[in-house]
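One structure below.
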Amino acid sequence: MRVVVVGGAGYIGAHVTRLLLDRGDDVVVVDNLSTGDAARVEGAELHLLTVTSGDDAALAEVLGGSDAVVHFAARKSVEESVHDPVAYYRDNVVGVTTVLAAMRDAGVGGLVFSSSAAVYGEASGVVSESADLRPINPYGRSKVVGEWAVSDAAAAYRIRALSLRYFNVAGAADPSLRDHGARNLVPIAVEHARQGRPVSVFGDGYDTPDGSCVRDYVHVSDVADAHLAALDHVVAAPAGYDDVLNVGTGVGSSVLEVLTTLGEVSGQAVDYEIGPPRDGDPAAVIGAVGKIEAVLGWRASRDLRAIVGSAWTAGVTA
Ligand code: WQD
């Protein structure tokens with residue numbers, strides 16, 4: 001099929017682009033390269049467009065004749081969103097509405113939208129898709145609004161859509177696709193370990209087995225596999241189809257387990273220091289994965305060692 005990947009030169013988008021090209025799909029990448037990298041998407045047709053530029057007709061032209069769109073292009077830093085919320089509402093909300101309008105105008109039927117576990121806010125434990133949406137920062141709120149826009153457009157324009165709520169995505173299929181510049185635990189830990197600097201652990205007094213926070217780390221290659229299954233699902237779904245799915249492993253790992261695993265895969269113990277807890281950090285957030293298994297027949301196949309090992313290799317050879 002012909003798939004347009006908006007934000008396809010970014011971290012997760014480039015992994016999906018690679019898999020789509022590998023399976024022989026016709027892949028069109030739309031990206032303004034603000035954080036993306038053209039070298040990641042060699043082999044795909046690349047259009048340098050900013051979806052929030054106001055030139056909506058240009059996007060509709062690129063979308064013409066496609067079967068589906070995967071929309072990644074967005075900002076993803078919780079901290080940045082607190083300091084510059086308008087940038088998040090513009091890029092994340094105006095971005096998806098522009099894509100939806102272009103899909104309507106070009107008659108494109110299928111959409112997979114990147115959402116986030118940040119929509120659940122401080123929910124703790126194993127979180128299912130039916131949990132209340134209580135985002136606690138502008139990033140999470142921009143994703144909730146994005147999901148609403150997708151649902152409303154699916155109903156009105158007869159689009160078939162899935163919103164995927166990612167948990168903690170990390171790792172890399174190969175070093176060229178690594179997540180450079182991300183301020184998340186795994187890339188920070190790899191960077192600090194390489195430089196011999198201690199990693200700051202944000203609190204060890206949580207109600208978890210070792211006192212540090214527990215998250216659901218999912219390998220970016222598994223996340224990319226889930227997108228291919230989601231694309232196949234939406235193009236075959238009835239008009240107006242719309243649903244949300246968690247993309248996680250259903251397994252929680254603590255900050256200290258991540259650092260121990262990094263020590264094992266790198267062959268050098270990772271130095272760390274216990275710092276104060278970070279505002280708004282829930283003790284444990286793990287995705288319930290029964291729904292995505294039932295709907296897409298997808299489940300993650302790579303464990304924490306594979307995630308951290310691939311991030312380490314990508315960081316060392318970068
Ligand atoms: C992971 C764990 C920290 C850094 C957020 C968004 C989520 C997704 C990913 C995506 C936490 C601890 C971290 C450090 C630490 N966003 N930590 N020392 O906060 O779980 O999730 O990013 O697009 O939607 O909410 O991710 O990687 O910041 O933290 O101890 O230097 O690592 O406390 O427990 P988080 P994170």
Side-chain angles (χ1 to χ4, degrees), residues 7 10-13 15 35 71-82 88 91-92 95 113-125 127 131 133-144 146-147 163-171 179 181-195 197-220 223 244 246-249 252-262 270-287 304 307-308 311:
Y11 168 54
I12 305 175
H15 280 85
T35 56
H71 181 54
F72 291 103
R75 292 176 182 253
K76 63 169 184 174
S77 159
V78 168
E79 195 183 354
E80 183 190 39
S81 81
V82 174
Y88 276 70
D91 291 357
N92 295 7
F113 172 64
S114 298
S115 186
S116 168
V119 299
Y120 298 121
E122 289 182 293
S124 211
V127 190
L133 302 186
R134 295 204 180 124
I136 56 163
N137 49 59
Y139 170 67
R141 285 191 272 272
S142 75
K143 288 295 179 183
V144 172
E147 287 190 7
S163 290
L164 301 182
R165 294 175 177 162
Y166 312 144
F167 283 71
N168 292 63
V169 184
D179 192 9
R183 303 313 295 160
N184 295 108
L185 176 64
V186 173
I188 288 173
V190 165
E191 187 185 304
H192 283 221
R194 282 177 64 199
Q195 298 167 346
R197 287 194 288 144
V199 179
S200 175
V201 174
F202 298 156
D204 68 348
Y206 288 93
D207 184 14
T208 60
D210 65 23
S212 67
C213 285
V214 167
R215 294 289 181 273
D216 184 342
Y217 296 92
V218 55
H219 196 298
V220 65
V223 174
V244 295
N246 284 344
V247 182
T249 65
S253 305
S254 73
V255 176
L256 294 176
E257 280 178 272
V258 169
L259 300 184
T260 302
T261 305
L262 178 56
V270 176
D271 194 15
Y272 64 84
E273 54 201 17
I274 306 295
R278 186 171 65 174
D279 277 354
D281 251 348
V285 185
I286 300 164
L304 184 66
I307 295 169
V308 174

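Ligands are counted one by one from 1 in listed order, and the atoms in each one are counted from 1 as well.
For Ser115 and Glu147, the side-chain atoms include at least one donor-acceptor pair closer than 3.5 Å.
Taking every heavy atom of both residues into account, Val270 and Leu259 meet most closely at CG2-O, 3.7 Å. Shown here for Lys143 and Ala74, the closest heavy-atom pair between the two residues is NZ-CB, 3.7 Å. Across all their heavy atoms, Ser254 and Asp210 have their closest contact at OG-OD2, 2.6 Å. For Pro277 against Tyr206, the heavy-atom pair with the smallest separation is CB-OH, 3.4 Å.
If you number the atoms of ligand 1 from 1 as listed, the ones under 4.0 Å from a heavy atom of Ala118 come out as 24 (O). For ligand 1, the atoms lying closer than 4.0 Å to a non-hydrogen atom of Ser200 are 14 (C), 15 (C), 18 (N), 30 (O), 31 (O). Close contacts between ligand 1 and Val255 involve ligand atoms 12 (C), 30 (O), 32 (O), 34 (O) [criterion: under 4.0 Å to a heavy atom]. Applying the 4.0 Å criterion to heavy atoms of Asn168 picks out, from ligand 1, the atoms 1 (C), 20 (O), 21 (O), 26 (O), 35 (P). When each atom of ligand 1 is checked for a heavy atom of Lys76 under 4.0 Å away, the hits are 23 (O). Every atom of ligand 1 with a heavy atom of Tyr217 under 4.0 Å away is listed here by number and element: 1 (C), 2 (C), 32 (O). When each atom of ligand 1 is checked for a heavy atom of Val201 under 4.0 Å away, the hits are 30 (O).
Under a 4.0 Å N-O distance rule, the pair Asp91/Lys76 does not qualify as a salt bridge. We find that Arg197 and Glu273 are not joined by a salt bridge, their nearest charged nitrogen and carboxylate oxygen being 4.0 Å or further apart.
Remark: ligand 1 and Cys213 share no N or O pair separated by less than 3.5 Å (distance only, no angle test). Here's the thing with Arg183: none of its N/O atoms is less than 3.5 angstrom from an N/O atom of ligand 1. For the pair Tyr166 and ligand 1, the shortest N or O to N or O distance does not fall below 3.5 Å.
Residues Val255 and Tyr272 form no side-chain contact, since every pair of their non-hydrogen atoms from C-beta on lies 4.5 Å or further apart.
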Atom pairs and distances, side-chain donor-acceptor, residues 116-125, under 3.5 Å, sequence neighbours left out:
from	atom 1	to	atom 2	distance (Å)
Ser116	OG	Ala118	N	2.9
Tyr120	OH	Arg165	NH1	2.9
Tyr120	OH	Asn246	OD1	2.7
Ser124	OG	Ala284	N	3.3
Ser124	OG	Ala284	O	3.0

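For atom 23 (O) of ligand 1, the nearest protein heavy atom (residue, atom name, distance) is Tyr139 OH, 3.0 Å. In this structure, the protein non-hydrogen atom closest to atom 19 (O) of ligand 1 is Arg278 NH2, 2.7 Å. Scanning all protein heavy atoms for the shortest distance to atom 25 (O) of ligand 1 gives Val78 CG2, 3.8 Å. For atom 24 (O) of ligand 1, the closest non-hydrogen atom of the protein is Ser116 OG, 2.7 Å. Nearest protein neighbour of atom 20 (O) of ligand 1, counting heavy atoms only, is Arg215 NE, 2.7 Å.
Taken from OH in Tyr88 to OG in Ser142, the straight-line distance is 8.0 Å, to the nearest 0.5 Å.
Comparing Tyr11, Phe167, Phe202, Tyr120 by heavy-atom distance to atom 30 (O) of ligand 1, the nearest is Phe202. Considering only non-hydrogen atoms, atom 33 (O) of ligand 1 lies nearest to Asp281 out of Val285, Asp281, Ile188. The nearest non-hydrogen atom to atom 27 (O) of ligand 1, considering only Leu256, Val199, Leu185, comes from Leu185. For atom 9 (C) of ligand 1, the nearest non-hydrogen atom from the set Asn137, Val258, Asn184 belongs to Asn184.
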- Determine, step by step, whether Arg215 and Ile286 satisfy the side-chain contact (heavy atoms from CB on, under 4.5 Å) criterion, reporting the C-alpha distance in whole Å, the side-chain angles of both residues, the deciding distance to 0.1 Å, and the verdict. CA-CA 6 Å; Arg215 294 289 181 273; Ile286 300 164; over 6 Å; no
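At least one donor-acceptor pair closer than 3.5 Å links the side chain of Thr208 to the backbone N or O of Ser212.
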